[in-house]
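Every heavy atom of this structure was used, including side-chain atoms; hydrogens, water molecules and symmetry mates were not. Just so it is clear, the model here is predicted, and its values are computed rather than measured. Order of the sequence lines fixes the chain letters, A, B, ..., with proteins taken first and strands second; residue numbering starts at 1 for each chain.
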Amino acid sequence: MVNTKIIRQRESLPVFPYRQEIIDAIKNEPLLVVIGETGSGKTTQIPQYMLESFPEFRLIGVTQPRRIAAITVANRVSEEHGCRLGEDIGYCIRFDDCTSPKTRLKYMTDGVLLREATIDSRLGHYDAIIVDEAHERTLETDVLFGLLKETHRLRPELKILVMSATLNVEKFSDFFNSCPIFVIPGRTHDVAINHHRDAKISSLKSTFVQRSVETSLYIHTQEPPGDILVFLTGQNEIEKACRDLEDLDRNLNYKPDVKYYEDVKGLVIYPIYATLETMEQKAIFDDPPRYTRKVVFATNVAQTYDPTTGMDALLVVPISQAAATQRAGRAGRTASGQAFRLYSRESYEQLEPDTVPEIQRSSLLGTVLSLKKMGINDIINFEFIDPPDPAMVKNALKQLFLLEAIDDTGKLTAMGNEMSIFPLSPFLSRVLIASARQYECSREVLIIVAMLSVEEIFISPRNAEKQMDADEKRKEFYHPSGDHMMLLNIFEKFRDNGYSRDWCRDKYFNYRALSMAKSIRDQLKELMEKHDLPLVSCRLKNYQVKDDGGRQRKKRRNSYQDVKYNVEKMLESFSTSYYINLAKRHPHRPVFYHYASATGPGSESIDSNSSLLALHISPTSALHPDNKVVRVDDLDWVTYHSVLYTNKALMKVVSKVKLEWVQERLGLFKKLAAANLDASCSKSKSENNMQDDTNDDNDNKVNSTMVDVQEVKNQDDEKKRKRLEVIEAARQRALARKSITDQD
DNA sequence: GAGCACTGC
């Protein structure tokens with residue numbers, strides 16, 4: 001049955017007049033770059049043209065950066081094509097494979113294709129690969145670029161298309177052997193851009209929320225009807241902006257003395273950020289009531305990875321010119337519009353032209369492990385379109401060595417091979433394997449690992465009363481050993497309550513996060529079964545439910561022995577990785593110091609001082625002094641899952657450990673100093689010599705780090721404390737300064 | 001002076 005309406009729709013798309021030209025180009029060229037704006041139809045049409053024109057193609061793969069895009073596009077295309085989703089046309093995302101042996105066109109996330117590549121780096125199932133939304137430059141897209149270039153050498157018959165929305169794509173073409181670029185002319189509307197007369201970005205500081213609210217109100221009262229979209233940096237700012245604008249709106253009396261009040265008689269204000277419930281997110285697409293203007297406050301900030309500490313840090317940084325232009329372009333999607341920048345034209349011109357690709361600002365630990373698994377040993381010389389910072393690569397190699405995933409020559413070990421089975425941070429993969437092969441507690445550790453792989457579990461209500469209620473309710477999950485066991489408690493209670501959304505709401509837990517943890521647990525369990533990793537419980541045999549009130553509880557406080565599980569075994573499993581994040585308490589203060597920073601590039605650069613950065617226990621931790629679960633002086637050694645920089649360095653997910661658990665593994669730091677991890681990199685001799693120097697250096701640093709920690713332990717005079725504080729403050733300032741391009 | 005944007009396997 002031919003649906004004429006669908007045909008008419010397909011033919012009205014900007015890409016349609018170029019159908020034959022595109023097909024010819026694909027026929028003649030193994031590599032092709034296609035440019036087309038959002039809405040040009042490139043994502044839905046070009047794969048269909050290929051399906052229709054190349055019947056000999058058994059499978060065409062199209063990657064998308066986001067799950068939702070893969071699903072909706074596949075849906076749309078199967079409808080246009082007149083087949084049921086999952087038959088000729090399907091999609092594949094994590095936890096949801098909607099394809100069949102019949103499938104010839106497969107939409108997927110770039111992460112899925114990357115996982116497939118770790119199993120078969122030739123991508124032998126595919127006759128064509130299309131990397132869509134390449135301009136987003138996700139970590140996965142960038143790695144795929146390098147792999148596909150290699151695959152092209154091995155399989156020149158494989159058709160490779162790179163599709164992008166930006167015009168600045170010579171780079172893609174240059175990378176793929178100067179391949180042709182096909183441009184689909186777009187349909188866009190004019191956007192007028194207004195800059196602030198003189199404000200510098202650096203001078204906005206904390207006033208940007210207030211300024212954005214004032215500007216919104218100005219637009220509302222002075223400009224013709226039309227919605228307003230405001231970009232801010234985080235949830236807090238967004239909520240404050242919503243409140244402030246609502247207050248201002250309430251005080252407006254919509255008298256007919258201003259030109260546009262007859263058309264615009266009120267405001268509807270929406271916040272949008274990821275942790276909002278899906279329903280609340282969808283609300284922003286509702287049509288506002290008549291005569292009202294819609295204002296949306298949305299998020300967007302950048303993540304940075306600090307190579308001097310090897311830690312993730314969330315810092316507010318100025319956007320790039322490209323990102324500013326893209327944001328402004330949002331105003332012209334459906335009609336002409338205006339963009340208001342709260343900073344001057346000069347400030348705009350001083351911004352970085354392009355957004356730094358994700359690969360240059362994130363941890364490469366998992367990426368390097370995947371590449372090694374694919375047989376790519378020489379990571380430094382791997383063909384990246386924009387190579388990552390070599391210091392980041394070296395850091396990743398060191399960490400992988402400390403996890404025993406690679407040996408002292410940089411080669412993948414049997415352990416590393418097994419670790420790459422799991423779609424997890426290599427730290428957590430290592431823990432999971434230890435719990436299965438060594439400590440006999442994988443059934444429980446599996447849960448904790450899943451809980452550590454999801455977004456924030458705790459909801460922090462803004463309302464002070466609710467916040468107190470939330471804090472109170474959290475207490476029932478506390479465990480004297482720390483937060484890992486708390487996570488296990490939470491998941492088990494969630495399970496015992498039938499994975500209920502209402503239960504989550506009552507306890508102030510993020511239902512979406514806990515459901516995701518359940519899915520991940522199930523997936524990991526399947527992978528363990530498939531690869532013969534034993535699933536063993538450490539539940540104690542003689543465990544009986546006994547309620548003898550306070551005495552039992554008091555006894556538990558002084559021991560790691562849970563009445564129910566062998567907690568030591570679980571925490572020992574975690575220590576196989578997290579000895580790298582071992583911290584010792586200051587003798588007289590509730591702060592901690594990292595045991596040996598030899599892992600991070602911190603050891604390479606400045607100082608052994610990085611080990612003296614004061615680490616605080618996060619207020620959300622069961623072990624935080626205010627929570628009174630344990631006395632601070634009962635804490636000696638702890639390991640932490642991650643560090644968050646606020647104005648302090650906060651350890652997140654902290655558990656109490658015994659030094660004897662990690663003593664043996666600490667020896668790996670020593671071995672690291674002697675290892676030559678990028679020996680496989682065929683660098684010039686002089687660079688290799690430099691390499692050796694660095695390694696010698698590391699050896700010294702490891703020692704000095706240990707001496708320093710020892711000093712902290714033995715000495716405790718006021719001067720020393722002062723010195724540490726000065727160092728810490730300097731570090732924090734340096735960290736903040738690095739992120740701001742404008743001078744004060 | 002307390003708190004973290006977004007993806008994804």
What contact category does [X] fall into here, base, sugar-phosphate, or nothing, at under 4.0 angstrom with non-hydrogen atoms?
X	value
Thr109(A)	sugar-phosphate
Ile93(A)	sugar-phosphate
Arg94(A)	base
Pro65(A)	sugar-phosphate

Residues passing the ring pair (Phe, Tyr, Trp, His ring centres under 6.0 Å) test with Phe382(A), sequence neighbours excluded, are Phe384(A)
Ignoring hydrogens and angles, tell me if any N or O in the side chain of Asp483(A) forms a donor-acceptor pair with the backbone of Ser621(A) under 3.5 Å.
-> no
5'-most by nearest nucleotide on DNA chain B - Glu237(A) or Pro423(A) |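 The residue mapped nearer the 5' terminus is Glu237(A).
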N/O (side chain, Arg67(A)) to phosphate O (OP1/OP2, dC9(B)) under 4.0 Å | yes
Starting at [atom1] of [X] and ending at [atom2] of [N], how long is that distance when rounded to a whole Å?
X	N	atom1	atom2	value
Gln523(A)	dG8(B)	CD	P	14 Å
Asp97(A)	dC9(B)	CG	C1'	14 Å
Asn510(A)	dA5(B)	CG	P	13 Å
His616(A)	dG1(B)	NE2	C1'	13 Å
Ile119(A)	dC9(B)	CD1	P	14 Å
Glu358(A)	dA5(B)	CD	C1'	12 Å
Leu114(A)	dG8(B)	CG	P	14 Å
Leu139(A)	dG8(B)	CG	P	14 Å

What about Phe477(A) and Phe458(A), are their ring centers closer than 6.0 Å?
-> no
Which of dC9(B), dG3(B), dG8(B) is nearest the side chain of Thr620(A)? It is dG3(B)
Check: residues 108-115 of chain A side-chain donor-acceptor pairs under 3.5 Å, at least two apart:
from      : atom 1 : to        : atom 2 : distance (Å)
Asp110(A) : OD2    : Thr138(A) : OG1    : 3.0
Asp110(A) : OD2    : Thr141(A) : OG1    : 3.1
Arg115(A) : NH1    : Ser420(A) : O      : 3.2
Arg115(A) : NH1    : Ile421(A) : O      : 3.2
Arg115(A) : NH2    : Phe422(A) : O      : 3.2

Find out whether the Lys NZ or Arg CZ of Arg521(A) is both under 6.0 angstrom from the six-membered ring centre of Phe491(A) and within 45° of the ring's axis.
-> no
